Number of protein chains: 2
Amino acid sequence: MTKHTHVHSHSSGDGSIGSHRACVRLVPIFNHLEEQQMDEIMSVARSASFKKGETIYQAGEESTSLFIVNRGRIRIYRLSENGREQLLRILNPGDFTGELALFRSTTHESYAEAMVDTSVCLIRRDELRTLLQKYPSISIKVLQEFSKRLDETERQTARFATEKVETRLAMFLTEVAEDAEEPIEFKLPMSKKDLASYLGTTPETISRKLGQFEDEGYIRQKSGRRIEIVDLDGLLLV
Amino acid sequence: MTKHTHVHSHSSGDGSIGSHRACVRLVPIFNHLEEQQMDEIMSVARSASFKKGETIYQAGEESTSLFIVNRGRIRIYRLSENGREQLLRILNPGDFTGELALFRSTTHESYAEAMVDTSVCLIRRDELRTLLQKYPSISIKVLQEFSKRLDETERQTARFATEKVETRLAMFLTEVAEDAEEPIEFKLPMSKKDLASYLGTTPETISRKLGQFEDEGYIRQKSGRRIEIVDLDGLLLV
DNA sequence: CGAAATCTTGACCGATCTCAACTTACGTGG
DNA sequence: CCACGTAAGTTGAGATCGGTCAAGATTTCG
């Protein structure tokens, strides 16, 4: 269950200009901008930090800012009508959230929770809009980012609709494996509980299916959430 | 199965300036623009038409244009790795598609097929980009539209992940019912086969669940895909 | 080191898919 | 406008996947 303790830092806080810059520079959508634009963005960016487990925003809450992760990790999840939660994505430094409500409505549809101690940069709704009006190239960057996310989400939806849990898990593993080098071994990017939520299943099933993959010789499970892919091709055929 | 017969009309075709205007005006993202901007958009819009069953674009194909539906209906679907199709959405006049690839990659990720004889307006990739650079307000409109779609898709994903078929169907019915007036009766916006694909289930299950809802007194099925909602509250609790 | 959370494993059951046969609706061409 | 062929929809029986509950093992973190 989520702790609902809000502890925004004071707007200046440990956020020196230097750290704003670092934060803003991290974000793909603000890359490759001219110095002057960058300075302008930085002048409106504020920073805040959250302790592990703290809620950054909740569904129904008013959305006022774009959040850019500077340091740490954020879980974004939805609560379905029946109260079950689904993990939508996990944000790492450079990722951002809160944009949906900025363009569409004023309230959040999802929940954001710091998984570890986390610091973020904030850009207020109206300030962001002004920036977008002024610098069309930023808008286009944001559009690209949205396209990417929309595409990923549509792909994810299609998987839920057409693939069984076993296949979804296999696909997930092969995707994580893409970023690893030979021998293919990686640490699961989240707990199995979260993975279950992300894949729309239960921890029990994740446990069983991973065991099955191991029996079938596709993977090898090691301690500390580490997994070695032994037979990637086999896994792709699941 | 989809017929893959391409028959783009000649770019002028039946597309008089008048029809371009009508088409462009239909689109929410181009509403409320100044006359001059509107003229500029219209000057780069072309038209095309497709016969029922024709493929408008396919996954893997190069994306060159934004398609705006002028008349008719378009199914957008994905084919999953195992060859199963999932209906993503249905476009009606005023809706648009093809934007994903415009901002992200050059190839389509999904399939578009004319459900009935359909005419569309086209705006070429580079021309659209120029427009967005020139008129930031259009970008913001597109961002809003993207936000909306992203939100819908995320909601849909969360449903797949957390709700059973019965609930998804009940939710679908209540959402369609929102647009209807008392007595709540409407025509299903697609075939049950497509509805099954959209909801990630099979036609058999749709048939059975609707029958069950009828037995339980929530709905009444009539001929011609018409459905009357008898007990909306009951349906909401499913 | 110990409490709490995560993870695992087993047994059971229920929702939904599959396959197959059949009925109904629809679009096309005569 | 009707007849026919094809696609859509229905219904039943059986199989299966995956969820639920419960007990224990293991890990994590303060």
Side-chain angles (χ1 to χ4, degrees), chain A residues 1-3 51-53 73 75 80 82-87 113-117 159-170 187-215 219 221-227 238, chain B residues 1-3 51-53 75 80 82-87 113-117 159-170 187-216 219 221-227 238:
Chain A
M1 291 306 115
T2 312
K3 294 164 214 154
K51 287 254 179 65
K52 173 178 176 176
R73 238 162 168 231
R75 298 173 76 233
S80 72
N82 66 29
R84 276 255 280 264
E85 103 175 26
Q86 197 230 343
L87 180 63
E113 174 195 324
M115 299 174 73
V116 296
D117 290 3
R159 280 188 191 170
F160 276 116
T162 59
E163 313 290 355
K164 45 188 192 180
V165 172
E166 187 174 311
T167 313
R168 300 205 295 270
L169 176 57
K187 186 177 148 91
L188 283 178
M190 60 187 102
S191 70
K192 291 187 185 159
K193 191 176 173 244
D194 275 347
L195 181 55
S197 167
Y198 182 70
L199 295 177
T201 182
T202 60
E204 292 95 322
T205 298
I206 294 286
S207 210
R208 282 189 254 264
K209 292 297 178 189
L210 285 179
Q212 179 192 323
F213 288 166
E214 188 157 23
D215 291 345
I219 67 171
Q221 299 187 68
K222 314 199 167 177
S223 71
R225 285 179 193 160
R226 298 201 65 81
I227 289 187
V238 169
Chain B
M1 295 298 116
T2 312
K3 295 165 213 153
K51 287 256 178 66
K52 175 178 175 174
R75 298 173 78 232
S80 71
N82 66 28
R84 278 256 281 266
E85 100 174 28
Q86 197 229 345
L87 181 63
E113 173 195 324
M115 299 173 74
V116 296
D117 291 3
R159 281 189 191 169
F160 276 118
T162 58
E163 313 289 354
K164 47 188 188 177
V165 172
E166 188 173 311
T167 314
R168 300 206 295 270
L169 176 57
K187 185 178 148 90
L188 284 177
M190 59 186 101
S191 71
K192 290 186 186 161
K193 192 174 170 249
D194 275 347
L195 180 56
S197 166
Y198 182 70
L199 295 177
T201 182
T202 59
E204 292 95 322
T205 298
I206 294 287
S207 209
R208 283 189 253 265
K209 292 298 178 188
L210 285 179
Q212 178 192 324
F213 288 165
E214 189 157 24
D215 290 346
E216 292 167 340
I219 67 170
Q221 300 188 67
K222 313 198 169 177
S223 70
R225 287 179 190 159
R226 297 201 67 81
I227 290 188
V238 168

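Bear in mind that the values here come from a model prediction, so they are computed numbers and not experimental data. Below, read A as the first sequence line, B as the second, and so on, with proteins coming before strands; counting in each chain starts at 1.
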Checklist entry - Which part of the nucleic acid, if any, lies within reach of A:R168 when heavy atoms closer than 4.0 Å are counted: base, sugar-phosphate only, or nothing? => result nothing

Item to check | From CA spacing to verdict: side chain to side chain contact (heavy atoms under 4.5 Å, CB included), A:L195, A:L199 | outcome: CA-CA 6 Å; A:L195 181 55; A:L199 295 177; 3.7 Å; yes

Next on the checklist: Run the side-chain hydrogen bond (donor to acceptor under 3.5 Å, both in side chains) test against A:T167 and tell me which residues pass, sequence neighbours left out.
Outcome noted: none

Item to check | Qualifying residues under side-chain hydrogen bond (donor to acceptor under 3.5 Å, both in side chains), relative to B:R225, sequence neighbours excluded | outcome: none

Checklist entry - Rounded to whole angstroms, how far apart are CD on B:Q212 and P on D:dT11? => result 13 Å

Item to check | Length of the NZ-C1' vector between A:K164 and D:dG18, whole Å | outcome: 11 Å

Item to check | Qualifying residues under side chain to side chain contact (heavy atoms under 4.5 Å, CB included), relative to B:R208, sequence neighbours excluded | outcome: B:E204

Next on the checklist: Of all nucleotides in DNA chain C that come within under 4.0 Å of a heavy atom of chain A, which is furthest toward the 5' end and which toward the 3' end?
Outcome noted: C:dT6 to C:dA11

Item to check | Length of the CE-P vector between B:M190 and D:dG9, whole Å | outcome: 12 Å

Next on the checklist: Ignoring hydrogens and geometry beyond distance, is a side-chain donor-acceptor pair present between B:S80 and B:Q86 at under 3.5 Å?
Outcome noted: no

Checklist entry - So how far off straight is the helix from C:dC1-D:dG30 to C:dG30-D:dC1, going by the axes through five pairs at either end, to 10°? => result 60°

Checklist entry - Among residues 195-207 of chain B, which contact DNA chain D at a heavy-atom distance under 4.0 Å? => result B:E204, B:S207

Checklist entry - What does A:R226 touch in the nucleic acid at a heavy-atom separation under 4.0 angstrom: a base, only the sugar-phosphate, or nothing? => result nothing

Checklist entry - Excluding sequence neighbours, so at least two apart, what forms salt bridge (Lys or Arg N to Asp or Glu O under 4.0 Å) with A:R226? => result A:E185

Identify each atom pair where a protein N or O and an N or O of nucleotides 23-28 of chain D are less than 3.5 Å apart, giving names and distance.
none

Next on the checklist: One pair to check against side chain to side chain contact (heavy atoms under 4.5 Å, CB included): B:R75 and B:D194. What are the steps and the verdict?
Outcome noted: CA-CA 9 Å; B:R75 298 173 78 232; B:D194 275 347; 2.8 Å; yes

Checklist entry - Taking it one step at a time, do A:M190 and A:L87 satisfy side chain to side chain contact (heavy atoms under 4.5 Å, CB included)? => result CA-CA 11 Å; A:M190 60 187 102; A:L87 180 63; 3.5 Å; yes

Checklist entry - To the nearest Å, how far apart are B:K193 NZ and D:dA7 C1'? => result 8 Å

Checklist entry - Are A:R168 and A:E163 close enough for a salt bridge, meaning some N to O gap below 4.0 Å? => result no

Next on the checklist: Please tell me if B:R208 has a side-chain N or O lying less than 4.0 Å from either OP1 or OP2 of D:dA13.
Outcome noted: no

Next on the checklist: Restricting to side chain to side chain contact (heavy atoms under 4.5 Å, CB included), what partner residues turn up for A:Q221, sequence neighbours left out?
Outcome noted: A:K192, A:L210, A:E214, A:I219

Next on the checklist: Suppose we screen for side-chain hydrogen bond (donor to acceptor under 3.5 Å, both in side chains). Which residues come up paired with B:T201, at least two apart in sequence or across chains?
Outcome noted: none

Checklist entry - Excluding sequence neighbours, so at least two apart, what forms side-chain hydrogen bond (donor to acceptor under 3.5 Å, both in side chains) with B:E166? => result B:K209, B:Q212

Item to check | side chain to side chain contact (heavy atoms under 4.5 Å, CB included) partners for A:S207, two or more places apart | outcome: none

